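In listed order, ligands and their atoms are each counted from 1. Along the sequence shown, residues are numbered consecutively beginning with 1. The model shown is predicted, which means the values in this text are computed figures rather than measured ones.
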Amino acid sequence: MDLRLAIKQKAQSLGFTFAGIVPAVPSKRLGAYFDWIHKEYHGKMGYLARPDRQERRQDLNVILQGVQSIICVGLDYATHSIPQEIATDPSRGRISNYAWGVDYHDVMTPRLKELGDWLETQIGDYDIDHRVYVDTGAILERDHAESAGLGFTGKNSMLIRPRSGSYFFLGELLTTAVLPYDSPNLMPSCGSCTRCLTACPTNAFPNPYVLDARKCISYLTIELKDWIPWELRPLMGNWIYGCDVCQDVCPFNRFTQPTKEPDFYAKNWDYAAPPLLELLTVTADSFRERYKNSPIYRLRRNRFVRNVCVAVGNWGSIEALGSLIPLLEDDSPVVRGHAAWAVGKIGEKRGKTAVLEAIKKEADSTTLAEFQRVMTTFFNK
Ligand code: SF4
Ligand code: SF4
């Protein structure tokens with residue numbers, strides 16, 4: 001059988017939804033990427049701007065000496081849609097669909113390794129070298145997948161497959177083997193549609209196809225390690241891990257079929273959109289127990305509770321004060337500060353008294369400044 005087809009069949013037999021093969025040449029959008037870094041749209045993801053990472057993007061040989069080919073694979077993750085009344089319930093935290101199940105790295109990485117081992121046997125060369133990437137390397141993976149004819153780049157900067165949408169993970173097998181390649185297909189485009197650009201809650205697209213990560217809820221809830229900018233907190237609604245808005249509104253996602261991967265389904269809707277109150281009392285141990293197999297585990301407890309505090313502030317219910325006030329004495333300064341913001345947003349006398357008490361005890365200067373800002377902003381003091 002034709003090797004190109006055999007590789008695709010093997011990828012599908014391993015559970016991947018699709019695969020494409022391209023020569024290992026640098027992305028044609030490298031210039032736009034460096035411009036994006038230059039404008040500092042990457043925010044505090046300093047690793048993206050590191051000289052060694054930039055070098056790897058320009059020359060894939062730095063990642064794998066003698067690399068010739070990239071096999072790009074995709075795996076659908078969209079499950080059944082969350083019921084609207086649950087998604088819009090402000091007393092629940094929203095989690096991006098991709099994180100409802102087990103960690104995709106754990107699902108995809110062994111399969112890509114198996115694909116690499118199989119490739120060696122197929123071409124009868126055990127000296128070929130390969131390297132596997134799942135969202136961890138310095139690779140502009142969407143561009144390579146686009147070059148392989150697997151989709152087109154939408155104005156929301158996602159790779160879109162015309163007949164199935166954008167809810168999929170990408171992974172790559174870099175190999176020193178020379179392979180038969182795919183070529184870009186004739187693709188549709190966004191045309192005059194601007195739905196994603198206008199639907200974004202934080203206005204994170206300065207231009208079509210350009211994402212200012214510093215404003216994106218996915219960055220704020222996952223990548224950003226410390227303080228979420230005040231002006232963005234009210235815009236985050238009840239998202240506590242990622243955000244799906246610019247994909248949910250995309251007309252190409254009307255064609256999405258639920259994934260066949262059972263591991264990506266939420267155990268129940270309380271997992272996809274958990275009640276916020278129970279998350280405010282999460283400890284390091286209970287967080288580990290709850291999320292140890294999930295991509296959410298990477299956040300660790302403090303960043304997660306920080307996000308929950310913002311969602312609770314946006315909910316604004318006095319029901320939450322009883323669980324928020326103890327967090328003003330949390331071990332994490334970031335949790336203390338965001339809890340104070342949520343207390344201020346709720347705005348009850350009991351909350352004001354609690355923040356005033358917390359000010360007397362606060363030793364960390366940044367957190368103290370947060371507390372004082374809460375007093376002046378929400379309690380006129
Ligand atoms: S993920 Fe959400 S916040 Fe980020 S760009 Fe898309 S709609 Fe905006
Ligand atoms: S919502 Fe419209 S503009 Fe945005 S990616 Fe989808 S088709 Fe393109």
Exercise. Pick one of side chain, backbone, both or neither for how Asp244 approaches ligand 1, counting any non-hydrogen atom pair under 4.0 Å.
Key: neither

Quiz item: With a 6.0 Å cut-off on ring centres, are His42 and Tyr47 close enough?
Solution: no

Exercise. Can you run down the salt bridge (charged side-chain N to carboxylate O under 4.0 Å, His left out) pairs that involve residues 161-180, sequence neighbours left out, and say none if there aren't any?
Key: none

Quiz item: What distance do Arg306 atom CZ and Leu327 atom CG have between them, rounded to the nearest 0.5 Å?
Solution: 14.0 Å

Quiz item: Measuring from each atom of ligand 2, which residues have a heavy atom under 4.0 Å away?
Solution: Gly154, Lys155, Asn156, Ile160, Cys190, Cys193, Arg195, Cys196, Cys250, Pro251, Phe252

Quiz item: Do Trp100 and Trp269 have ring centres separated by under 6.0 Å?
Solution: yes

Self-check item: Partner set under ring-ring contact (aromatic ring centres under 6.0 Å, His included) for Phe287, not counting sequence neighbours
Solution: Tyr291, Phe304

If you look only at distance, which donor and acceptor atoms sit under 3.5 Å apart when one is on a side chain in residues 14-28 and the other is two or more places apart or in another chain?
unit_1: Thr17; atom_1: OG1; unit_2: Asp76; atom_2: N; d: 2.8
unit_1: Ser27; atom_1: OG; unit_2: Arg29; atom_2: N; d: 2.9
unit_1: Ser27; atom_1: OG; unit_2: Asp143; atom_2: OD2; d: 2.6

Quiz item: If you measure from each non-hydrogen atom of Ile217 to ligand 1, which part falls under 4.0 Å: side chain, backbone, both or neither?
Solution: both

Exercise. Examine Leu3 and Val178 and state if one hydrophobic cluster contains both, with Ile, Leu, Val, Met, Phe, Trp and Tyr joined whenever side-chain heavy atoms are less than 4.5 Å apart.
Key: yes

Practice problem: Would you mind listing which atoms of ligand 1 come within a distance below 4.0 Å of any non-hydrogen atom of Val245? | Solution: 7 (S)

Quiz item: With ring centroids as reference points, do Tyr77 and Phe264 lie under 6.0 angstrom apart?
Solution: no

Quiz item: Can you list the ligand 1 atoms lying under 4.0 Å from a non-hydrogen atom of Leu211?
Solution: 5 (S)

